[in-house]
Amino acid sequence: MNKRCINRRTLLKGIGGVAIGLPLLEEMLTSPVHAAKAPEIPMRAFNVFFGLGIPAPLQTEGFDGVLEPLKPLSDKLLIMRNVDQVRCDEAGSNAHYDGAAGAFTAEPPDGEARSGGPSIDQVIRQTHYPSGLPAGMVPTLVAGTFFRRSRVGRYVHSYNMDGTVAATIQEKPRQLFDRVFGRVALTGEDSTARDRRIKRSVLDSVVEEYRFYKSTRSPLGSASKSRVADHLDRIREFEQRAFAMQRKSEDAPKLPPRSEVPHGGPADPGGEGIDITLDELSSEWRLLADLYALAIQMDRVRFGALTFLAAGERIRLTGDYEYDGKKVFEFNDSAQHDATGSKGCSHEWWHQFNPKKRNEALRAHAHMKMREVAYFLHLLSGKDAIEANGRTILENSLISISTESGDGRHNDVKRELSGVFHAISSGGGRFKTGQIMDVGAEGLDVYNTMLAAMGTKHRLGPAGREMQKIDSIRA
Amino acid sequence: MSTTYPSNRPPLAYLLFALIPVLVTNPLIAASTSPSAARVASGLQVQYDFRGSGGKVEDRVRSNQRLHLQIIKPNSLTRREGSIETAGKSLIRSAKPATRLVEIIRYAEEVSVELWLQPEKTSRQDAMNVFSLSDKNGNTHNLRVFQEEDRFLVELMTDNKSKGRYPKISTTPGSVTNNLIHFVFTHDRTGRARIYLNGELNVEKHVVGSFNQWSKNRFVMLGGTKRAWSGSYHLAAIYSRDLLPREVRSHFEFGPSLEKMAGEQPRDALLLKNQTMFDRHVAPLLVKRCFECHDTNTKKGGLDLSRKDAAAAGGESGPTWVAGKVDESLLWQYIESDEMPVDREPLTKTEKSRLRDWIEAGAAWSVDVIDPLVYEGVGEDTDFWIRRLTVDEYINTVRSAVGVDIEEEARRLLPPDVRADGFNNTAYNLTVDMQHVESFSRLAEMIVQRMDVMEFAGQFTEHTSLSTDDTMRDDVAKVGKWLFRGPLTNREITNYSGIATLIASAGGDFEEAISTIVEAMLQSPRFLYRVENQSGDGTVWPAGAYELASRLSYTLWGGPPDRELMRAADSGALFERIEVAAQVSRMLDDPRALGRSKQFIFQWLDLGRLNNMRPNAERFPTWNAELAEDMQQETLAFFEHVVWHEQRPLAELINAQVTFATPRLAKHYGLEVRDDKLAQYDLSEIPRRGGLLTQGSILTIGGDEASMVSRGLFVLHELLRGSVKDPPPNVDTNAPPTKEGLTQRGISESRIANTNCGGCHKKFEPLAFGLEKFDGIGAFHENDEHGNKLRDDGAILFPGTTEPIPYKNSAELMDLLAKSERVGESFTWKLTQFALGRQLGPQDAPTVRQIHNTARKQGGTYKQLMTAIVMSDLIQMTPTEKVE
């Protein structure tokens, strides 16, 4: 890793002036970054999800409306309207969930924690790294700031080829930090060479067993083998941390601050929603976004997903919302709805959306979401994110931004799932940018066109389905 | 030569087993698993019955890769219908090398050879070749059956030669007679080799080594170029799996002739194929595309496609189809012309073609009534996921295996198992992250540190000093067998023994070696996962003895087999259903079964939700974390009382007139406090409460507003296994708040009266009418906060019926639900889903129905239901994935 990375980390600041402390391992700093080893830019793909969506009529307002925060990035993004995800509708299941499961997969769910197919990032990963990513790299990083969690598909947005979740989601900044940069203490600090040799032997024996069960001689079926293969990948990563990366950097500062917002069960009290201030929400998200972006910048991760608020999220938000130095709105969902519990949540603004009305609260919430998504994208497009070819990470990678619905009223599948907002970065110059496009195509065809451009042979959707190429999005 | 049929009678245990009422088998595969004389098809690779004439002996296995035999040397060979008699000079050999057969056996590491044969001589001085997988000239063999003196022997090529010789197994002296003999050799992947004669076990031996070195260039050979055996062959078959004792006996009773199967098999196979077509494609299609207008409720044009008889009879236009005659079938005519579905997308080309194929093939139904929930969302394929131990199971397994309580550390370090599809043990979602790997490593280290390793090792060996010779291998094998819940392969023994070698070279001792080996084993796939054989020929195979032991223990206890269960697996007792039934009975009397059942109820009702509830504090000032915990305790204690102490049918959980409350909860419920701790309350005089639905743990599902929608959907989904579609277009789903003159009931009735909403809402909201008097946190009121009088009367519409049944109050609603067959079935479905760790699909429906019927006839208690589940094919059998 070159020195520039250290500069990056010292520059990264969380909201409220909280400096992110990074007890980096020396190996991460001194060993050449994988991208730096070879002059070529690595293949990367990330899915960025935000909950509840943007009603289609508001998308037509372009950067004058709720999309305003994306305007500074407009030359690096292709904003796609009118993308149809109707095929993701699953009779009898929640529309938020259907739309969320279809984001980045274009397929309906296949269970509460399983999508009907792989997500874009994983298809690209499988194509370009069929034997796994370089040693020590996090194979897939899934993270997010979210609260509602009744179904995994509401907040996880990276799916394996078999539709299962690609990685456990990291929802606390500290968790994310540990997952990417943490050191594994396999033995005590004072362990001897003999101890380490024995530990190595234990791990070797264990690895041998996992290798056998994923091999062609395994008695397991294909789904089980893929699970064992996942386990083996994680062991190898663990092995790398335990044996190859052990020297703590001298200037290792403190861990990121403890999260102040609820996580786990308390974050979703019986589906009734939580009270949270805008400051709490943004601080948490931005800390997570900083760490995720840093992981990409340091080439510790090349694939994964990041979630800002779950599908059908239920929060009762309070606080002044400012943008560009001006107060835009005062969030106070519960009071504005004159209701408590789930009925007092911002979610209800979407249910009440009426294109003939002002929808002031919904607009403010959607605008705020775009502001926070843009925050993450800026981290990948600033000076610190410029790579060897002179372009930024945002330009060199495929960053897909999507959501769950094009309406929010979830009482009409066609309206709900036929105008879903999408945006993508150029994927290394493969896609047009700098425009807002009415695509008017099925999500499956849009995603498959993206995959074709990224060099994958695998296509999403039913086998034998004739793909419609959406050439209009190709550069 | 006389063909004296052997006179062995079926053993007593076998007859007893036939009387066990708990036997539940899937009718779709009953032909291959019935205890009555039948031949099994699973794992069958080649089969010769010697019918026909000329120089070819046909392989009777129906596949496109049949391996026929050729009579190479017809010298002194007499061919009769159903047998071939040789005089020691003939050679019969497969027409080509048995490459695929060898590959499959090598992969499976299991094999069975079955012969019906009649020796010419009861004693031969030389080793005479009977049957083999040999090179073209019969000089080298992967496997060879031969007669020497008055015994049969099997020589098996493995990668473990001893003194330059491959292992052999021999029958007892005098076992070769002049009679027609049924000979079966079996070998499983743990190395257990057996020979059965006339249905009875004659000899058993442990054969070390794998089939890795088996050559693919081997032929199926009868007799040989040298020292060919003389006698008559009546049947020869090879399986790529270890036939179970009961299957061997069944084959023996079936006899040597396959003729009686010949006429039946195609018809059965055709029916099975057509029913499978129905389950996989047609029923889901009817549910998705037709039921909107043609189920029992809607029945447009008088046509109800949800019931077999009604569907066949048709509606106002006449019979729906003519089986086998697609062009005369109204259903097809309407579909083909796209007249149906009305105002909906026409069926796709694939859907049409499937429907057409099904009618042409006979339009068979596998069920009498299509349950929409079974067929909704059915995918094309079913994956069989290996099951990682859940955190609960890991804790139990460590405790049972090495006697260490690691609960506190495991819960702290391991990521929690995330709930999916209603339970936390859904196999596809038991994924692994690096935190798991790191935690398993740290936990293994902690566990070993807390163990008395020498005392642990003393259970398996007398050794106390480190040796890296065979004694260490024996020790590794014994320790490993216990920790891995089944024997180790040679490869595994070698792998773990390597650790001992390293410890020895590093100057360590026996204790350190065992500690380190245990530490490695605790992180291995066979400890952390329930590893089972899943590969085969795509058919359903019986679970192996150790697999079955683990299935029983994890299903009934949520932990590993105990020593008694392992002994039963060792002895082969688990191959006998009567023995399995005895084990199940013993296990259900063990306290671990209670613990497991509580995990079920906790997860099913999502009781953990209570820990996080935060109702509006102004509205519900009495709510606090302690009250939430009391509600959890109430439901668990109530469950234990009804299910375990009273041994009542599970359906009585809905209306039992008893509960358990702390003083705080009793006060919350308006009960007279009778104790200072959790105590039992008789509710027979308090009809408003009684049963799960009247407990705070369930009532809180409605949220602050005590939503009739949420509560009604809970009853519909969880107790009635019903489903409803999404709301229709352009409807505001935001209900108005209650006010003076407008109750939740009133709002609900408005929704039901609305033509856009009522079609679905009438199916589930009335299910919650009886609960209106309970507020968002389960307190009882006669009037709401606005002073409106509340009601608890209503009417319930059971799925699949057309007439709602009225109820006067909450107590009557509970009685209706408790007596409902549908509710009883839902308990069976939920418990079976929990047992299997996966959602159930149409392929499971016939077996689940039989489980339910079996348990219900016996009383419908938890024990009876669990017995029926574990004795069913869903636990006893394993679907295999075809090895290509």
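Because only heavy atoms are used, hydrogens play no part in the values below, and waters and symmetry mates are left out as well, while side chains stay in. The chains referred to below are lettered A, B, ... by the order of the sequence lines, with proteins before strands, and numbering in each begins at 1.
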Honestly, the part of A:R217 sitting under 4.5 Å from a heavy atom of chain B is both
Against chain A, work out which of B:H436, B:R526, B:Q435 has the most heavy-atom pairs shorter than 4.5 Å and name it. B:R526
Is NZ or CZ of A:R154 both nearer than 6.0 Å to the six-membered ring centre of A:F146 and within 45° of the ring axis? no
Which atoms of A:T168 are under 4.5 Å from chain B, going by heavy atoms: the side chain, the backbone, both sets, or neither? both
Quick one: what part of A:Y213 sits under 4.5 Å from any heavy atom of chain B, side chain, backbone, both or neither? side chain
Is A:E237 close to chain B through its backbone or its side chain, or both, or neither, when contacts mean heavy atoms under 4.5 Å? both
Report which part of A:R149 has an atom under 4.5 Å of a heavy atom belonging to chain B: side chain, backbone, both, or neither. neither
Under 4.5 Å from a heavy atom of chain B, the part of A:S334 involved: neither
Mind checking whether A:H347 and A:H96 have parallel, tilted or perpendicular rings, split at 30° and 60°? perpendicular
Whether B:Q534 side chain and A:L220 backbone form a donor-acceptor pair below 3.5 Å: no
Using the rule side-chain contact (heavy atoms from CB on, under 4.5 Å), only one of A:R316, A:Q336, A:K343 pairs with A:E348; which is it? A:K343
Which atoms of B:A444 approach chain A - backbone, side chain, both or neither, heavy atom under 4.5 Å: neither
Is the closest side-chain heavy-atom distance between A:T340 and B:R619 below 4.5 Å? yes
